[in-house]
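Below, all heavy atoms of this structure are taken into account, side chains as well, without hydrogens, waters or symmetry copies.
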Amino acid sequence: MTLRLSRRQFVASAALVLATPALGRMAHAAPLTLTAERRTIEVRGKPASVLGLRGPGGESGLVLPPGEAFRLRLENRIGEPTIIHWHGQTPPPDQDGVTDTGYARPIADGGFADYDFAPRTGTHWMHSHHGLQEMRLLAAPLIVRTKEDLARDAQEVTVLLHDFSFKAPEDLVAGLAGGMTNHGGMDMGGMDHSAMGHMMPGMDLNDVEFDAYLANDRTLDDPQVVTVETGGRLYLRLINGAAATAFWVDFGGLTGTVMAVDGNPVKPVEVAKVPLAQGQRIDILLQLGTDGAAVPVLAQREGDRARTGIVLAPTGASVPRIADKAAEAAPPVDLSLESLLVAEGVDARPADVTRRIRLTGSMMPYVWTIDDRSWADRLPVQVKAGQRVAVEMVNESMMAHPMHLHGHHFDVVALNGKPVAGARRDTVLVPVGGRVTIAFDADNAGRWLFHCHNLLHMATGMMTEVTYA
């Protein structure tokens, strides 16, 4: 990875670049230390107390070289219990970083937990799975490189997106639960015709007006400026770590190539912008122009004009000031890209069994469910070890749901009833009124959470589990 510094000495790869460990350091090396801690960032000129995950070199997050085991000690220094989920990894269930399934307990303040498993390569991330700590930015990138990554002639840049509020997360959820919802969460006067045309009557996009949207902890008032080479190539690792916001990401008028989603290679697809739902990741290969001009990478909230991003700037380039609101509102995030994606190198067998779940719930009362059941009243998806399991998800609610399965990656095999040889993922969007069918191999026995990755939806009930022995 090429290291670059921004104006405030942030590193180029999304506040996470580790000095890459030597390739000779393999499975029996001493464990890494990751620290959950309190930190202060500046948001719109105001200090904000948030949480974070600091790697062994002081950076946010982790980068592992090819072949290295995930041998890690997680130390809790945030002043309250926590636990961290390794989103995109497929460890044994007792190392998944959740407490809901009964394999682990929260890590007490001042305590630690040890992890040791073979990591899954690609662009992943890690975040709290305890209460609403994820909304307090207790998250960071988790990158596991391949030999192909090291051989690629491209500068790596990782971008972690967040939504942020100065209000306590508990107050935001309490307001929603009390019926004080912001239907649409947008300036309707600023909504363009194309965005309105994609909305169904009664459809809701954003429940909360956040105070800011962040890219690598910064707003467009003072964005991260990444020094790049004129005419160079970049490998962008985009991560949507927002609690409740889906984005459209564009590349300043350039065309990029989708190389992977959720850490899994796909057949290359040329794109000018990409949809990114909560919890999803996408890798983009970007060829910069030879004109030496700065290029913004902007993430715009669906159904809204609000946006955030970073700036790619060759040495000596003029860095323009970029407004934090676009000229027009973005349409709802959809399956337009999903329908074009094809997994690379995947030869999946037909499903042995099919399960069907309904995504249910409503704005008033603010309760989101699966098959009209909350977590406390859940009906587990029970399967058998060794089965190839298809799950058809039918969204009967008026909000979209990015559905995430722990402990597995799945293949997208049908969109709205149409069979596809789609991407391999761990998180997929199910739009309002939509149907998405996934298939996975039951090869990691245990109890595994299956939930909406809109944290507000999960917190109010939209979570079940997949179980098998």
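Checked by atom type and distance alone, the side chain of N76 pairs as donor or acceptor with a backbone atom of A108 at under 3.5 Å. Between the side chain of Y103 and the main chain of R447, a donor-acceptor pair closer than 3.5 Å is present. Here the side chain of R44 pairs a donor or acceptor atom with the backbone of D211 at under 3.5 angstrom. Distance alone, capped at 3.5 Å, is enough to place a donor-acceptor pair between the W86 side chain and the Q95 backbone. Between the side chain of N264 and the main chain of R424, a donor-acceptor pair closer than 3.5 Å is present.
With no hydrogens or angles considered, no side-chain donor-acceptor pair links H451 and H404 at under 3.5 Å. N240 and Q278 are not linked by any side-chain donor-acceptor pair at a separation below 3.5 angstrom, with hydrogens and angles left out of the test. Using modelled atom types, one finds a donor on one side chain and an acceptor on the other under 3.5 Å when comparing T123 with R237. The closest side-chain donor-acceptor pair between D149 and Y235, if any, does not fall under 3.5 angstrom. With hydrogens and angles left out, the side-chain atoms of T82 and Q133 include a donor and acceptor closer than 3.5 Å.
Within the model, atoms CG of L176 and CG of D171 stand 11.0 Å from one another, a figure rounded to the nearest 0.5 Å. Atom NE2 of H406 and atom CG of D100 lie 8.5 Å apart (nearest 0.5 Å). Taking CZ of R356 as the start and CG of D371 as the end, the distance is 8.5 Å to the nearest 0.5 Å. Annotation: the span from K147 atom NZ to R152 atom CZ amounts to 15.0 Å, rounded to 0.5 Å. Rounded to the nearest 0.5 angstrom, T245 OG1 and L455 CG are separated by 11.0 Å. To the nearest 0.5 Å, the span separating CD on E465 from CD1 on I370 amounts to 10.5 Å.
In this structure the side chain of L51 never reaches within 4.5 angstrom of the side chain of L137, judged on heavy atoms. Side chains of H129 and I84 form no contact here, defined as non-hydrogen atoms less than 4.5 Å apart. Residues M403 and V391 form no side-chain contact, since every pair of their non-hydrogen atoms from C-beta on lies 4.5 Å or further apart.
Y213 does not carry R301 over the face of its six-membered ring by the limits of under 6.0 Å from the centre and within 45° of the normal. F251 does not carry K273 over the face of its six-membered ring by the limits of under 6.0 Å from the centre and within 45° of the normal.
In this pair, H127 and W125 present their aromatic rings tilted. The plane angle is within the 30 to 60° band. A perpendicular orientation is assigned to the rings of H408 and W448, their planes being inclined by more than 60° (bins at 30° and 60°).
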Worksheet entry | From CA spacing to verdict: side chain to side chain donor-acceptor pair (under 3.5 Å), N444, T90 | CA-CA 8 Å; N444 194 9; T90 54; 5.2 Å; no
Discussion item. Pair F210, F164 - check ring-ring contact (aromatic ring centres under 6.0 Å, His included), show working.
Written reply: CA-CA 6 Å; F210 289 95; F164 171 82; 8.7 Å; no
Discussion item. Walk me through whether H401 and H457 qualify under side chain to side chain donor-acceptor pair (under 3.5 Å).
Written reply: CA-CA 8 Å; H401 303 290; H457 296 179; 3.1 Å; yes
Item to complete: Take E156 and R233 through the salt bridge (Lys or Arg N to Asp or Glu O under 4.0 Å) test and state the conclusion after the steps.
Response: CA-CA 9 Å; E156 284 195 12; R233 294 203 311 166; over 6 Å; no
Worksheet entry | Steps toward side chain to side chain contact (heavy atoms under 4.5 Å, CB included) verdict (T308, L161) | CA-CA 8 Å; T308 187; L161 302 170; 4.0 Å; yes
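The two residues V430 and N395 make their nearest non-hydrogen contact at O-ND2, 3.0 Å. When all heavy atoms are compared, the tightest approach of I107 to A113 is CD1-CB, 3.6 Å. Summarising the geometry of L62 relative to P56, their closest heavy-atom pair is CD2-CD, 3.7 Å, with the distance given to 0.1 Å. A469 and A385 get closest at one heavy-atom pair: O-CB, 3.3 Å. Among all heavy-atom pairs drawn from Q382 and R355, the shortest one is O-NH2, 3.0 Å. Nearest heavy-atom pair across R218 and P223 is NH2-O, 3.4 Å.
The only option from V157, I310, I284, D250 that meets the side-chain contact (heavy atoms from CB on, under 4.5 Å) definition with V297 turns out to be I310. With respect to Q89, the side-chain contact (heavy atoms from CB on, under 4.5 Å) criterion is satisfied by exactly one of D96, V144, D426: V144. The residue from Q280, H87, H409 that alone fulfils the side chain to side chain donor-acceptor pair (under 3.5 Å) condition with T427 is H87. Each of R349, R388, R425 was scored for a salt bridge (Lys or Arg N to Asp or Glu O under 4.0 Å) with D411, with one residue passing: R388.
Within a 6.0 Å sphere centred on CG of D153, other residues, nucleotides and ligands contribute 12 heavy atoms or fewer.
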